[in-house]
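See structure below.
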Amino acid sequence: MDISLKHEDYKFLKNVNDNSIEECIEADLALPEYMPEILRIIKSSAEPRIVSCKLVGERVTVDGICELRMIYTAEDGCIYCFSQSRPFTRHCENEAFGDAVDVTADLDVSYVNCRATGTKRAEIKCGVVIRVSAFVQDCIDIVSLKEKSNIQEKTENIKAMSLGCRKTRQFSMSDSVSLKIPAAFVVSVGAVANCTDIRKISNKIMVKGDAVVDICYVNADDKTSTEHLKHTLPINQILEFDGMEERFSGDVVLRVVSAEVIQRNESDYSEGVFDISLGIDASATMWEEKELSVISDAYAVGGSVELEKSPCTFYSHCANISETQIIRSDVKVSGEGIKAIVNVTGKIISAEANKKDDCLVVSGTIGASLLLKDATGSLFCTEKIIDYKYEHKGEFAERDVVCVPEVVLSAIDCSVNGGNSVDVKCELRIKGTIFQKRMIDVVTNLIPCECTVERKINAITVYFPDEEESLWSIARKYNTTVEAIAKENELDGDTTANHSIIFIPAV
């Protein structure tokens, strides 16, 4: 018995590894002559950035730079900042990396410690967590029969999203901003990028959007307070992605992996300039919608066939999320009362998506760092955790849905409510694709066996079925066809319905 099969690939993406490596970075800060002596260290911070992330064979190499910054006050009560940059390189090896189609790296800071070792010296140390994610394109061979012959098959028609391509490309941007009042010191730098539109052209994608840079600095005229500068850089990039085709659907996610600001002032401090440099990762995940006919079971009439099966998860597109949400939190702090907000920074600590009834709930936490001035004029820093939750309504109650959300803290601000209360306002950008997940044991191969089934010509078997027993299971058991049983017993459906006795003809 010859069996002729047709083959079609169904591809999906697997995150085969998510390594977390911690790099300890430290520096000895020696203040220059023109800066005053340290009275009290208010805050220390670390701003790591990725220079490159390269995959060679089974090794991923992450090169980066970490800017270590100390904020302190002197006898004059002013705010002073001093920083040094330290390069770092880490390697991550895994045999699964050899099959990866894309790798990305994310940086986070686990701790920062700073202590004065003299009136003009300090030691600063931080832990930078490097997370390397490798993405592998997995493939399942979907088979179907070219010719039916004596093979009976049970099939299911499925609409599923098959992976088209996954790739990350990095590009850089730069700009200069003039200041009416020159900056004395940079306190913090934050940047986010947003993709607003994509256009597919052959194997290229035109990406449009914007990057917003938030710079907190102490100006040269008044070193007792800070200023904020928000600058927007338009994004209009054409990037090439291997394997990309115009018929694919999907999205591009932008991540700022490097943000550097260099201040330049005239010698007489008459004017100042910020030189801004950004490194941005553009990760494209593209899908091809396929209509697949998968075999879930099969047998041979008058013969025998061996089945090879494999469990397969199919993903079909449900909905897209693209929302902006405002989160407000009333934060209580200890102290002598709050006089002013000096600076506030934040980061997304966690993000996850879970189904609840007919909603997909995206939730997590935000880490907020507040630099404040109390009623006595003293500076102090406090860290707070803020919870957030977003609900996306849909017809998900009867579906097994999954989503990997991208949650970006696009802006954070705060104001004094009075006394020891601060109103923190966070603007979140939430994006993601919701997929319905369906698991099926799929027949991946049919192998004919030499043995045959002996049957008596024109023989009929009397059978007493269970209630609503499927015709497929009966036909498979007696090596006949569903059509033959249905015709013999004048059945219209796929089950024995209310029949307490049926006749099974030989084929």
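Model, not experiment: these values are computed from the prediction. Side chains included, hydrogens not; waters and symmetry mates left out as well; all remaining heavy atoms used.
Not a single donor-acceptor pair under 3.5 Å links the side chain of Ser133 to the backbone N or O of Thr104. Proximity of a side-chain donor or acceptor of Lys125 to a complementary backbone N or O of Ile25 within less than 3.5 Å is not detected. A donor-acceptor pair under 3.5 Å is absent between the side-chain atoms of Asp63 and the main chain of Ser52, judged by distance alone. Between the side chain of Ser410 and the backbone N or O of Glu427, at least one donor-acceptor pair lies under 3.5 Å. With Asp357 contributing its side chain and Cys359 its backbone, the two residues share no donor-acceptor pair below 3.5 Å. The closest donor-acceptor contact from the side chain of Ser296 to the backbone of Lys154 lies under 3.5 Å. Looking only at distances, no side-chain donor or acceptor of Asp138 sits under 3.5 Å from a matching main-chain atom of Leu13. Of the possible polar contacts, none joining the Gln436 side chain to the His317 backbone as a donor-acceptor pair under 3.5 Å is found. Listed for the Arg90 side chain is no donor-acceptor partner under 3.5 Å among the backbone atoms of Thr61. A donor-acceptor contact shorter than 3.5 Å links the side chain of Arg429 to the backbone of Ala193.
In this structure, the separation between CG on Asp466 and OG on Ser500 is 12.0 Å, given to the nearest 0.5 Å. Considering CG of Leu163 and NZ of Lys14, their distance stands at 13.0 Å, rounded to 0.5 Å. Atom CZ in Phe241 sits 4.5 Å away from atom CD1 in Ile205 (nearest 0.5 Å). In this structure, NZ on Lys384 lies 12.5 Å from SG on Cys414, to the nearest 0.5 angstrom. Going from atom CG of Asp275 over to atom OG of Ser176 covers 4.0 Å, rounded to the nearest 0.5 Å. Taking CD1 of Ile321 as the reference point, atom CG of Leu360 lies at 5.0 Å (rounded to 0.5 Å).
A side chain to side chain donor-acceptor pair (under 3.5 Å) check over residues 281-292, counting only residues at least two apart or in different chains, returns the pairs Arg166-Thr285, Thr168-Ser283, Gln170-Asp281, Arg247-Glu288, Arg255-Asp281.
Ring-centre distance between Tyr315 and Phe12: not below the 6.0 Å cut-off.
For Asp358 and Arg399, the salt-bridge test fails: no basic side-chain N is under 4.0 Å from an acidic carboxylate O. A salt bridge does not link Asp400 with Arg438: none of the charged nitrogens is closer than 4.0 Å to a carboxylate oxygen. Taking a cutoff of 4.0 Å between a charged side-chain nitrogen and a carboxylate oxygen, Arg59 and Glu93 qualify as a salt bridge. Salt-bridge formation is not detected for the pair Lys393/Glu391: no Lys NZ or Arg NE/NH1/NH2 atom is positioned less than 4.0 Å from an Asp or Glu carboxylate oxygen. Salt bridge annotation for Arg49-Glu260: present, with a cationic side-chain nitrogen under 4.0 angstrom from a carboxylate oxygen.
Inspection of the Tyr463 and Glu469 side chains reveals an N or O donor paired with an N or O acceptor under 3.5 Å. In the model, Thr495 has a side-chain atom that pairs as donor or acceptor with a side-chain atom of Glu468 under 3.5 Å. For the 3.5 Å distance criterion, the side chains of Ser350 and Thr365 qualify, holding a donor opposite an acceptor. Using a 3.5 Å distance cut-off with no hydrogens or angles, the side chains of Asp141 and Thr444 do not pair a donor with an acceptor.
By the salt bridge (charged side-chain N to carboxylate O under 4.0 Å, His left out) test, Asp387 pairs with no residue at all, sequence neighbours left out. For Asp210, there are no salt bridge (charged side-chain N to carboxylate O under 4.0 Å, His left out) partners at least two apart in sequence or on another chain. Here Tyr299 pairs with Trp472 under the ring-ring contact (aromatic ring centres under 6.0 Å, His included) rule; sequence neighbours left out. Tyr388 is linked by a ring-ring contact (aromatic ring centres under 6.0 Å, His included) to nothing, counting only residues two or more places apart in sequence or in another chain. Qualifying salt bridge (charged side-chain N to carboxylate O under 4.0 Å, His left out) partners for Lys437, counting only residues two or more places apart in sequence or in other chains: none.
Residues Val128 and Asp108 form no side-chain contact, since every pair of their non-hydrogen atoms from C-beta on lies 4.5 Å or further apart. Between Val213 and Ile215 there is a side-chain heavy-atom pair separated by less than 4.5 Å. Annotation: side chain of Val60 is in contact with side chain of Cys53 (closest heavy-atom distance under 4.5 Å). Considering only heavy atoms from C-beta on, Ile21 comes within 4.5 Å of Cys92 through its side chain. Looking at heavy atoms from C-beta onward, Tyr10 lies in side-chain contact with Cys312 at the 4.5 angstrom threshold. Looking at heavy atoms from C-beta onward, Gln325 lies in side-chain contact with Ile430 at the 4.5 angstrom threshold. Put simply, the side chain of Thr89 does not reach to within 4.5 Å of the side chain of Val62, judged on heavy atoms. By the 4.5 Å heavy-atom criterion applied to side chains, Leu229 and Asp214 are not counted as neighbours.
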inquiry  = Show, in sequence, the C-alpha distance, side-chain angles and deciding distance for Glu22 and Ser110, and conclude whether the side-chain contact (heavy atoms from CB on, under 4.5 Å) test is met.
reply    = CA-CA 8 Å; Glu22 186 161 328; Ser110 58; 3.2 Å; yes
query = Hey, mind stepping through Leu428 and Val408 against side-chain contact (heavy atoms from CB on, under 4.5 Å) and telling me if it holds?
reply = CA-CA 6 Å; Leu428 301 180; Val408 175; over 6 Å; no
Test salt bridge (charged side-chain N to carboxylate O under 4.0 Å, His left out) applied to Lys431 and Asp251, step by step = CA-CA 10 Å; Lys431 296 182 72 176; Asp251 199 6; 3.4 Å; yes
task = Determine, stepwise, if the pair Asp413 / Arg328 fulfils salt bridge (charged side-chain N to carboxylate O under 4.0 Å, His left out).
result = CA-CA 10 Å; Asp413 198 3; Arg328 304 190 85 103; over 6 Å; no
task = Using the side-chain contact (heavy atoms from CB on, under 4.5 Å) rule, take Ile485 and Ile502 through it: C-alpha gap first, then chi angles, then the decisive distance, then the call.
result = CA-CA 8 Å; Ile485 296 175; Ile502 63 171; 4.2 Å; yes
message = Is there a side-chain contact (heavy atoms from CB on, under 4.5 Å) between Gln152 and Val301? Walk through the geometry before answering.
response = CA-CA 7 Å; Gln152 299 297 301; Val301 176; 3.6 Å; yes
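Residue-environment remark: NZ (Lys309) exceeds the threshold of 12 foreign heavy atoms within 6.0 Å.
In summary, of the residues considered (Asn194, Leu233, Thr232), a side chain to side chain contact (heavy atoms under 4.5 Å, CB included) with Val212 occurs for Thr232 alone.
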